[in-house]
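Presented below is the structure to which this report refers.
Throughout, residue positions are numbered sequentially from 1 according to the sequence presented. Whatever order the structure lists ligands and atoms in, that order sets their numbers, starting from 1.
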Amino acid sequence: MTQTYRKALQSKKKELTQKLAVREDIAVEPISEAIDQVQRASEREFAISRLDRDWQTLRAVEAALARMADKSYGICLRCEEEISPKRLNAIPWAPLCISCQEKVDEARETEHVDLAFSDAA
Ligand SMILES: [Zn+2]
């Protein structure tokens with residue numbers, strides 16, 4: 001069982017590492033024409049936000065592999081309950097069980113709201 005997840009994690013890690021290596025080349029590509037700048041800027045912004053997400057995923061994958069090594073893989077980091085196999089099949093690098101993940105997402109959304117309010121003030 002764990003072997004399957006390890007394989008999935010290792011191939012995901014490989015995929016992300018390759019993807020991120022390619023993207024770095026794109027990011028340093030010089031801008032030749034001024035007319036392209038606006039479009040390129042928004043493309044770059046988009047690329048960066050995706051890059052950011054890929055980095056986060058890569059870190060999560062690496063953390064999951066580390067947990068596999070110390071035998072804590074599949075245990076929620078927050079409540080220490082087992083993460084359901086269904087969830088691990090979908091996201092082998094998931095650090096939290098579904099109910100903790102939902103709580104974290106909720107908290108994050110609340111944070112965003114607070115930030116929006118402080119921006120307005
Ligand atoms: Zn949990």
- Message: Taking side chain to side chain donor-acceptor pair (under 3.5 Å) as the definition, give me every residue that meets it alongside Asp70, ordered by chain and number, with sequence neighbours left out.
- Response: Ser72
- Work out how many protein N, O or S atoms lie closer to the Zn ion (ligand 1) than 2.8 Å. 4
- Query: How many angstroms lie between atom CG of Leu88 and atom OG1 of Thr4, to the nearest 0.5 angstrom?
  - Reply: 11.0 Å
- Query: Distance from Arg67 atom CZ to Leu9 atom CG, nearest 0.5 Å?
  - Reply: 9.0 Å
- Message: If the threshold is 4.0 Å, N to carboxylate O, is there a salt bridge linking Lys12 and Glu15?
- Response: yes
- Item | Short side-chain donor-acceptor distance under 3.5 Å, Gln3 and Arg6 | yes
- Task: Could you tell me whether the side chain of Asp52 and the main chain of Ile48 form a donor-acceptor pair under 3.5 Å?
- Result: no
